[in-house]
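Shown next, in structure tokens, is the structure this report addresses.
We count ligands from 1, going down the list as the structure has it; atoms in each ligand are counted the same way.
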Amino acid sequence: MPKLTFTFDNGPWPGATDAVLDFLAERSIKASFFVVGERIAAEGGRALAERAHSEGHYIANHTLTHGTPLGRDGGRERVQREIGETEKLIDGLAHPRKFFRPNGSGALGPHLLSPEAIAYLQEHAYTVITWNNVPGDWLAPHEDWYETALKDLEGADWTVLVLHDQHIARMLDLLARFCDELQARGIDIVQDFPASCTVMEKGRPTPAMDQLLPVEA
Ligand SMILES: [Zn+2]
């Protein structure tokens, strides 16, 4: 049976993440929230992450500032700040596998993590999660994510879908339709991640790490 894992990135956002959490609770869906440290530190951020955690969602590290990807500006000091500071901000909420997802505009490749970033994630035993379905809900017209996501489901045995609470909160009707469509297609909604999107497990790089390394000439 094909599977799909929901992930919500770049939050939390008061007024948006709450609505997404209400929706997920209503549908009994467990997801992962890849949070930005600065958003946790902002007013209302930590409380939303605490709520998500208490409702069974995974809280995961998605850098402190969501700035230049760590593969393009990833010296030791910046890596430590972007990843380490966020880990402190989600203290007590982070999943035991210490999930981290780099940012980089939806594309996979060496721009996501510098060698120093990879070394840091190994030393600190992170589990690094990528994606395979990024339908661009942050781009106008925002509603187009729906058709794009459906198209990319075709032939996929385990989809890791990236949505953004900030945007999807205004399109919960579409999210409802999407969930109905998953059910109609016999796609199981799960919370875990496939090996193909787990590039590091508790500090150990996996064969999937190839998607983030430069292609050898
Ligand atoms: Zn992001």
Side-chain angles (χ1 to χ4, degrees), residues 4-17 19-21 24 31-42 44-46 48-49 52-53 57-74 78-90 93-95 97-114 117-118 120-121 126-140 142 144-146 148-149 152 159-171 175 191 193-194 196-200 208 211-212:
L4 180 136
T5 304
F6 277 111
T7 66
F8 294 93
D9 285 15
N10 301 9
W13 293 93
T17 305
V20 171
L21 287 170
L24 297 174
S32 291
F33 287 84
F34 285 84
V35 300
V36 170
E38 284 183 346
R39 301 293 327 148
I40 294 288
R46 170 85 193 184
L48 282 169
H53 176 260
H57 304 293
Y58 296 162
I59 303 300
N61 183 331
H62 190 42
T63 77
L64 182 66
T65 65
H66 207 274
T68 305
L70 291 176
R72 295 204 176 109
D73 181 10
R78 181 162 185 259
V79 166
Q80 189 137 14
R81 184 174 137 77
E82 287 288 336
I83 304 174
E85 288 304 308
T86 302
E87 206 61 27
K88 285 184 203 157
L89 287 163
I90 60 173
L93 304 178
H95 190 278
R97 282 163 74 191
K98 286 180 77 174
F99 292 124
F100 173 78
R101 169 179 277 170
N103 68 291
S105 307
L108 296 170
H111 67 291
L112 294 178
L113 294 173
S114 62
I118 292 172
Y120 181 90
L121 291 161
Y126 279 89
T127 297
V128 181
I129 302 297
T130 55
W131 51 80
N132 57 25
N133 191 327
V134 184
D137 58 339
W138 70 94
L139 302 166
H142 299 284
D144 282 5
W145 76 267
Y146 177 81
T148 306
D152 290 351
T159 294
V160 178
L161 179 65
V162 180
L163 297 172
H164 298 83
D165 9 348
Q166 189 191 3
H167 298 288
I168 219 72
R170 296 191 302 267
M171 300 183 279
L175 188 60
Q191 193 172 19
F193 304 102
S196 60
C197 292
T198 307
V199 302
M200 191 183 288
Q211 39 185 261
L212 303 193

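A donor-acceptor pair under 3.5 Å is formed between the side chain of R46 and the backbone N or O of L89. With hydrogens and angles ignored, the 3.5 Å screen pairs no side-chain donor or acceptor of H62 with any backbone N or O of N10.
Here the N, O or S atom of H66 that is nearest to the Zn ion (ligand 1) is NE2.
Under 2.8 Å from the Zn ion (ligand 1) lies an N/O/S atom of N10, whether from backbone or side chain. Residue H164: no N/O/S atom is found under 2.8 Å from the Zn ion (ligand 1).
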Worked check of side chain to side chain contact (heavy atoms under 4.5 Å, CB included) between T7 and W131: CA-CA 9 Å; T7 66; W131 51 80; 6.0 Å; no
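Looking at E85 and R81, no side-chain N of the basic residue comes within less than 4.0 Å of a carboxylate O on the acidic one, giving no salt bridge.
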